[in-house]
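The structure appears right after this line, and notes come after that.
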Amino acid sequence: MNIENKLLKLSSLEGLVLKLNQDGKQVFAPVKKDNIVNFAPVSAFHEMTQDYIVTARSAKFVVFPRVETILEMQFSKDNITLKDKDLSSIPDAVLLGTRPCDAAGFKVLTSIFEGDYIDNIYVTRLKKTTIISISCNNYDAKCFCTSVNVHPGGTAGSDILLTRIDNDNFLAEIVTEKGKEIVNKFDTLFDIAPDVNKDSLVANVPVEFDLSAILGKIYPRFESDIWVEQSLRCIGCGTCAYVCPTCGCFDIQDVSDGHNGQRKRSWDSCGFDLFTLHSSGHNPRNTQSKRWRQRILHKFVYVPEQDNILGCVGCGRCSRACSVDMNLKEHLINLIGELTK
Amino acid sequence: MSDFQPKIVAFVCTWCTYAGADLAGTSRIKYEPNVKIIRFPCTGRIDYMFLIKAFANGADGVIVSGCHPNDCHYVSGNFHARRRWIVFRELVDFLGMDVNRLCFSWVSAAEGAQWAKIVNSFTEEIRQLGPYKAYMELVKKDKNESVF
Amino acid sequence: MEKPRIGVYVCWCGTNIAKMVDVEAVAEEIKNVPNVVVSRNYKYMCSDPGQDMIINDIKEFKLNRIVVSACSPRIHEITFRKTLKKAELNPYLFQMANIREHDSWVHTDRAEATKKAKALVTAAINRINYHEPLKELSVDINPATLIIGGGISGITAALEIADADKKVYMIEKSNKLGGYTADIDLTYPHLSSVQQMLGPMIERMKKNKNIDLFLETEIKEITGYIGNFETIITPKNDNETKLSFGNIVVSIGLRSWDPSPLENYGYGKFPDVITSVEFEKMLLSGNIAKKDGSIPKNIAIIHCVGSRNKNYHEYCSRTCCTVALKYANQLRSAFPNASIYELFADMRTMSKGCEELYTITSRKKVVFMMFDQENDLPGIRKANINDNCEMIIELNEKRSRKFVEVPADMVILMVAMEGREMVKEVAQITGVSLDGNKLFIEKHPKLDPVATTTSGVYTVGSCQGPKSIPDSVSQARAAVARILGTIARGTAQVAGTTAHININICCGCQMCISVCPYSAISFDAEKNVSVINEILCQGCGTCVALCRPNAIDIWGCSNRQMTAELTALLLSD
Amino acid sequence: MNEQNIYMPYLMRIETVRDEAPFVKTFRLKFINEEILNRFTFKTGQFGEYSAIGEGESTFCIASSPTLKGYIECTFRQTGKVTNALAMKGEDDVIGFRGPYGNFFPIHEWKNKNLLFIAGGIALPPLRSVIWNCLDLRNDYKDVTIIYGAKTVDELIYKHELKTWDERSDVKLVTTVDPGNETPEWKGKIGFVPTVLDEVAPSSENTVAIVCGPPIMIKYTFPVLEKLGFTSENIFTTLENRMKCGFGKCGRCNVGKVFVCKDGPVFTYKQLKELPQEY
Amino acid sequence: MDSIRKRARELLEKNTVKVVIGYGVGSDNTVRAIFVRRPEGVEELIFDETCVQNLAVYLLKNEIKQIGKLCIIANISALRTILQLASEHQIHEEELLCLSVTPNGELLEFTGFKDIENYISSCNRDLPDKESEMIKKLEKMSVDERWQFWMNHLSRCIKCYACRSACPMCYCTRCQVEYNQPQWITVEATLMGNFEWQITRTMHLAGRCVNCGECARACPEDIPINLLNYKTVLTVKEKYNISAGTNANIDSVMSSFESDDKENFIR
Ligand SMILES: Cc1cc2nc3c(=O)[nH]c(=O)nc-3n(C[C@H](O)[C@H](O)[C@H](O)COP(=O)(O)OP(=O)(O)OC[C@H]3O[C@@H](n4cnc5c(N)ncnc54)[C@H](O)[C@@H]3O)c2cc1C
Ligand SMILES: Cc1cc2nc3c(=O)[nH]c(=O)nc-3n(C[C@H](O)[C@H](O)[C@H](O)COP(=O)(O)OP(=O)(O)OC[C@H]3O[C@@H](n4cnc5c(N)ncnc54)[C@H](O)[C@@H]3O)c2cc1C
Ligand code: SF4
Ligand code: SF4
Ligand code: SF4
Ligand code: SF4
Ligand code: SF4
Ligand code: SF4
């Protein structure tokens, strides 16, 4: 679909949020609480904060909740019944205020959850979610989107992308049919777009490293000492994966009280020792350095090779959340240093 | 008195309180039927996890009971248990759990009547407190876990 | 593991359970619990036909788990474990639900009691899914025996064991053997001389090479377990000695109660109000006289002093009534013309020949008067000069309902017998529990009255409950039979319910080592993990609850079993 | 329904339970749904996710031959939550199964070759499936040799089938137990699998070797095979990395770039040599 | 700072230690842990009041232990952690060397655990004011208010267990939350699971927590879980007069007892 441009007034957003909610859609937007900004359900636009670079946690939970019942079961003395997930119970949602990196992150998740085995739960959630992103006009030292081919004004993954023109107005780029549906439904809120140079409106995030110096070059360094070197500080807490918009690893567990039960999928992290531990006690990734390597390779080698998409969108969340200052951008830069040695 | 019938489980040691409850039986002392006993070798064995699991499975109150100090069949199990209870009780109180729903007691093999008394009074106390709704909220929230 | 095939047996216990619990409904509903193959109810599960029913079902339905819902496991767990053994099923694949002591006997609403029974049985069933066959370990038995207390029961046991050519260590706190028996003149019912019996026994004790006698010695601590106990003693005038032994007999007897608190009897106030024990000594010395040396003309014997009295000792001291009759007879022989009064509450003369002694005594011009022990005890006051006696006992005679004043020059109080001063310490050292009366608790009040819950430790004689000499002697012999049996086998089985450590999980913090009261845990420095000695472990489970990573679990009371029981109990409630 | 939710297992009824060795059992499983029963197919070497419903899922290979219709078998050892729960199931009980997943042994490429199967301990199940599959197509293959070892005599699994193979004139079976663990009646060899392999020294001429066993056994077996002249592309094995989903989403089982669940579990030694040591 | 660098350089040059665990400059002018293995590297070492991370968490990390004998630049929390870990037999005197700096800039080198004990006994081990006040405030609340407070916080917990990874006392080979037969703690990050997890974490740290605050600092959801631990620190101090990390040779609070431990709730 060709991208169509509109004008959306800041004042119209109030109405938009209200109407979306009235329409039965759950609206998630960045909300500031105790000085951290995270996506939370909002019923009115003013609950949303404007003061954020990116949220602490990514927005992935809307399509890939931290815990999801994937099927249910019932037990009687001699019988077991399985109940499929009721996909129709998944609500319509709108994500407002995602950044272009966040939106791009959904593409990565999708590449994991689709493929030859299609995870319909994810797919349905995504289908029912409209993503209205806002371009970045600011960035911080942890951001490195432009180094991984994501643009602070990029439309990939968004259904609508808003870019701030001035204090009162947004440029609204209608990227997908889903976005268009919203515009059509609430057309009174949208105006004709002015002619603007979008690039001048978004942040100018410097390119910090040359991606091509990494791509295709890390895998041969599988046994390099650099992994140990970089990860000595890492305490294996897994936080990076939990906040990351593209980490999709999960665990499946059953809970049951003997009468009823659910099979649940929940977030997991390759940073954990237990993630790959065999019941025999053998563990193929038994040190933190191997697990750190897995994280980098997963994003920069395995996902790109399998799905033709880079596994990291440069949002920098992992680095911000890490309590021991494992800075991904810095690590990538010195990785390049090592590779070019 | 409300007609709410609380669910109460009692974790007791086999040597003192279980025997005490047996004595209450042989003495035909009558008491409320709400308390159901689970027998452990010693109070030292009673992991605080069992207490949490009791509430998670819908208990309105929990009794933990064993031998009086210096009377432990295993010499010191009850002393260790007491330390654990003190810390546990303070902690869950701090977390906002209702510690009135926890009853710790010493009941010896000879105190059948004392057992009956504890059961009756604790049952009544819990009946006054009503069902442990706050904790059930936790459980319920899990069951219909939010979609997001 | 195999698929559990559970047999559930709900017992009526005659009407004991069936009256208050709808046992049929329970057995019926239980059929719906997963893995239950057979569910039955029966009048007496512990009876032979009851047990045979289980054995047959095990064979016929290939049952591999048995739940009996009946009385307290403290009574019949062992019985049914043996039943399982007979059916060649591991005895630990068994669980009891207590619907008698904890249900039918204590509740009054049949519907509620039935509901509770269902919950208890369901919990037991759910739990038994996770029972595992356990191995009982066998330990070697040191053939020596330690006996604590050299009264008639201790002496009997010692001689019996020594005669079988096995070593005995006898620890006696006082400076002589014999206990109370050494102070008794004649014994009821036939008034034969006690000392003629006891003297030769003590002589044999002294001569027997198999017996090491330690007088004026006390035990401070015992370590070890059945077959392998140890202690260090410091006998008077002697060096520290280390003793090793395989079994322990506790026979420390009882002591007589000091009746001063019962002020109405004036003990301590009137010089001629004396206790039975004091009188017995008088008899033994052959000189019955008042404190001033004169002969008493009026003698009253008051029963149940401090016994059968809610404020002091609720239990009956058992021998006093007959002893009192014995005194009346001995007094009559000594003073053919004296007035002898027996003031009793109830006349309890059980045992062979004792009721006859009562008949004989009553024909000897002994005046029997009854008082109301519960509400109206006799009182003693000093007599007036013209009363012609020292004291007047006032009482409301219960049968005639008349107020009576009994003249007395000497009053013998038949005092209660109570636990010895050191009984708590002895109980703790030997690992045996005391009941509220400071009497040792037996393993089973009816079926195993000399053994205790600690294997290798037996309690005999009056310390287990007031009793006569023949009863004390029988108990001693019963215990010896058990001990000699174990010694002959050379090994004993210790329960399989011990703790065990998963060395893949243990992080070597060694916290468990500091909590184990039996020093059963040690540290394997090479593997950096703790290890449990299964024989030393008594299965208290303190280490289990302490170990943070749950590296320790305990057979027979595992986290899995207990949680299964707990969840089912609450969910079916 | 199952087509929609990739996590939805099929329900299967346990037809028989067989104790193989201490803590090892074999289930024969039959699909409850007739339609699935009729259309279900798999290839030897593939695996599935078996669930003790309410307790969780576990990964086992399908241990029976695809030539047998109407049921599948799995053999598992009790090691944890799910396998312990499965072990408590009996005949007529229902469990869950989803699969088949993964690649398979290219047995059609092995036509007219000699087959050498080498297995250790509880790793016989995946080989059992191939062995029977090949024996059912016996004429397609030349010599069939099976070398199987376990720690103790008791721990040898499929004892009755070992007997059948032993009795067949068209199969050469060599069994062995670790030194010191033989019983008085033991008639097989005594020694570790790689050593026994060296002794038996089957010819590598026109032969493929299929090896399955604990990592340590594999590590010592490969060099012996190479010494005997086997080329790495003629040596096959299966890997067992931990996995949850079975289809490349949960992120656990990858060995470098390859996913054991999708690209494996069957690998040639040649492939393994190119992979990092992450198994 | 210079004295630290000088001493570290000596130690590395003489090969007395293989690695110095210390503080260095991190991204955006923050402080991070660094691992100095070559004498030249000591120039990166810094030490000032911003160096709050408890570096003792690295003492038990395999990759670091493998390097060889360690030297750690320890703040008070780290020193206390070392004593507590020693009392739990997790580290041994000969395995490490500790350097520290007093508030007035004096370099301290500890030759053994006794040394550390002496120093610690003179240091302030109190809880930080902010947390102390918060605990007091919470204690004054009604039970329901406290419950609400924690439910609001714990509902955010995503069960990442960063609090566990960051805690130097959480060194178990296998954490109880991973114990699954039975499943003690509800696996998923639901309110129940989160609540049970925090009870367990706190109970397991009772009498062992050295109030370093790493747990809360690590929590990506900013849940003040350290308050729970601090509460037990207070309980243990008040009831048993013990503070963790002051003695390398005592039984931990939960594995010992006094026969007259005071309480007022047992019937
Ligand atoms: C006044 C009186 C008259 C009685 N008359 C009769 C009668 O006529 N006929 C009859 O059958 N029964 C009679 N009895 C009962 C009889 O005395 C008891 O049955 C008998 O004494 C019980 O013997 P025993 O060995 O169990 O205990 P005891 O005789 O009490 O002996 C216990 C021994 O243990 C020792 N001991 C105590 N503590 C320790 C310790 N810590 N360490 C080491 N040693 C210790 C004591 O010094 C004592 O020697 C009478 C009792 C009384 C009080
Ligand atoms: C392709 C493949 C084929 C296998 N075939 C067999 C077989 O035929 N027979 C057999 O006995 N075992 C087989 N295994 C190993 C088997 O999956 C594990 O032993 C089993 O899952 C342990 O499960 P648990 O839940 O009882 O143990 P827990 O230790 O409680 O494990 C918990 C979870 O971890 C997972 N897990 C733990 N260890 C492993 C492991 N080594 N591999 C995979 N997942 C693990 C389980 O799926 C489970 O969900 C195979 C594994 C793979 C990957
Ligand atoms: S990089 Fe940081 S956030 Fe990620 S696991 Fe390591 S310590 Fe935790
Ligand atoms: S790896 Fe880090 S920077 Fe990359 S997408 Fe994930 S959180 Fe963002
Ligand atoms: S308490 Fe547990 S972890 Fe610690 S040494 Fe004992 S068994 Fe090991
Ligand atoms: S269960 Fe009790 S006796 Fe056994 S090892 Fe543990 S603490 Fe010691
Ligand atoms: S619980 Fe928190 S404050 Fe206490 S030692 Fe661990 S990380 Fe530090
Ligand atoms: S660090 Fe925070 S979010 Fe993570 S498990 Fe701990 S409390 Fe929960």
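These numbers come from the heavy atoms of this one structure, side chains and all, not from hydrogens, waters or symmetry mates. Residue numbering restarts at 1 for every chain, and letters A, B, ... go by the order of the sequence lines. This one's a predicted model, so the numbers in the text were calculated from it and none came from an experiment.
Between the side chain of E/Arg267 and the main chain of B/Ser65, no donor-acceptor pair closer than 3.5 Å is present.
When each of B/Ser76, B/Ala134, B/Ala56 is checked for heavy-atom pairs under 4.5 Å with chain E, B/Ala134 comes out on top. If you tally non-hydrogen atom pairs under 4.5 Å between each of B/Asp93, B/Val64, B/Val99 and chain E, the highest count goes to B/Asp93. Ranked by heavy-atom pairs under 4.5 Å with chain B, the list E/Ile199, E/Leu138, E/Asp144 is led by E/Ile199. Taking E/Gln198, E/Glu139, E/Glu145, E/Lys231 one by one and counting their heavy-atom pairs under 4.5 Å with chain B, the maximum is reached by E/Lys231. Most heavy-atom pairs under 4.5 Å with chain B, from the set E/Ile135, E/Val236, E/Asn194, E/Leu154: that is E/Ile135.
Between E/Tyr179 and B/Met49, every side-chain heavy-atom pair lies at or beyond the 4.5 Å cut-off. In this structure, E/Glu258 and B/Phe79 have side chains that are not in contact, with every pair of non-hydrogen atoms separated by 4.5 Å or more. The side-chain heavy atoms of E/Thr232 and B/Phe94, taken from C-beta on, include no pair separated by under 4.5 Å. Between B/Arg89 and E/Phe265, the closest side-chain pair of non-hydrogen atoms falls below 4.5 Å. In this structure, B/Ile86 and E/Tyr240 have side chains that are in contact, with non-hydrogen atoms separated by less than 4.5 Å.
E/Ser155 does not touch chain B: none of its heavy atoms, backbone or side chain, sits under 4.5 Å away. Looking at E/Met141, neither its backbone nor its side chain comes within 4.5 Å of chain B, counting heavy atoms on both sides. For E/Gln183, the part lying near chain B is the backbone, with the side chain staying farther off; criterion is any non-hydrogen pair under 4.5 Å. Interface remark: E/Leu234 contributes no atoms to any contact with chain B (heavy atom separation under 4.5 Å). For a residue to count as touching a neighbouring chain, one of its non-hydrogen atoms must lie under 4.5 Å from one of that chain's; by this rule E/Gln176 touches chain B with the side chain only. Neither the backbone nor the side chain of B/Asn78 has a heavy atom closer than 4.5 Å to any heavy atom of chain E. Heavy-atom distances place the side chain of B/Tyr48, and not its backbone, under 4.5 Å from chain E. Using a 4.5 Å cut-off between heavy atoms, B/Val92 contacts chain E through its side chain alone, with no backbone atom that close. Only the side chain of B/Ile118 has a heavy atom closer than 4.5 Å to any heavy atom of chain E.
A pairwise comparison of heavy atoms in E/Thr186 and B/Lys53 identifies OG1-NZ, 4.2 Å as the closest pair.
At a threshold of 4.0 Å, the pair E/Lys239-B/Glu90 counts as salt-bridged, since one of the basic side-chain nitrogens sits closer than that to a carboxylate oxygen.
For E/Lys237, the NZ atom counts as densely surrounded, since its 6.0 Å shell holds more than 12 non-hydrogen atoms of other residues, nucleotides or ligands. Counting heavy-atom neighbours within 6.0 Å of E/Asp260 CG, excluding the residue itself, gives a total above 12. The number of heavy atoms from other shown groups lying within 6.0 Å of NZ (E/Lys114) does not exceed 12.
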Could you walk me through whether B/Trp106 and E/Ile266 pass the side chain to side chain contact (heavy atoms under 4.5 Å, CB included) test, one step at a time? CA-CA 7 Å; B/Trp106 307 128; E/Ile266 303 180; 3.4 Å; yes
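Ring centroids of E/Trp184 and B/Phe50 are separated by less than 6.0 Å, placing the two rings close together.
Once rounded to the nearest 0.5 Å, the distance linking CG of B/Leu95 with CE of E/Met151 reads 7.0 Å. Here E/Met203 contributes atom CE and B/Arg84 contributes atom CZ; the two are 7.5 Å apart, rounded to the nearest 0.5 Å. Expressed to the nearest 0.5 Å, how far CD1 of B/Ile52 lies from OG1 of E/Thr200 amounts to 5.0 Å.
Counted by atom type alone, B/Arg83 and E/Ser256 present one or more donor-acceptor pairs between their side chains at under 3.5 Å.
The aromatic rings of E/Trp147 and B/Tyr132 sit tilted, their planes meeting at an angle between 30° and 60°.
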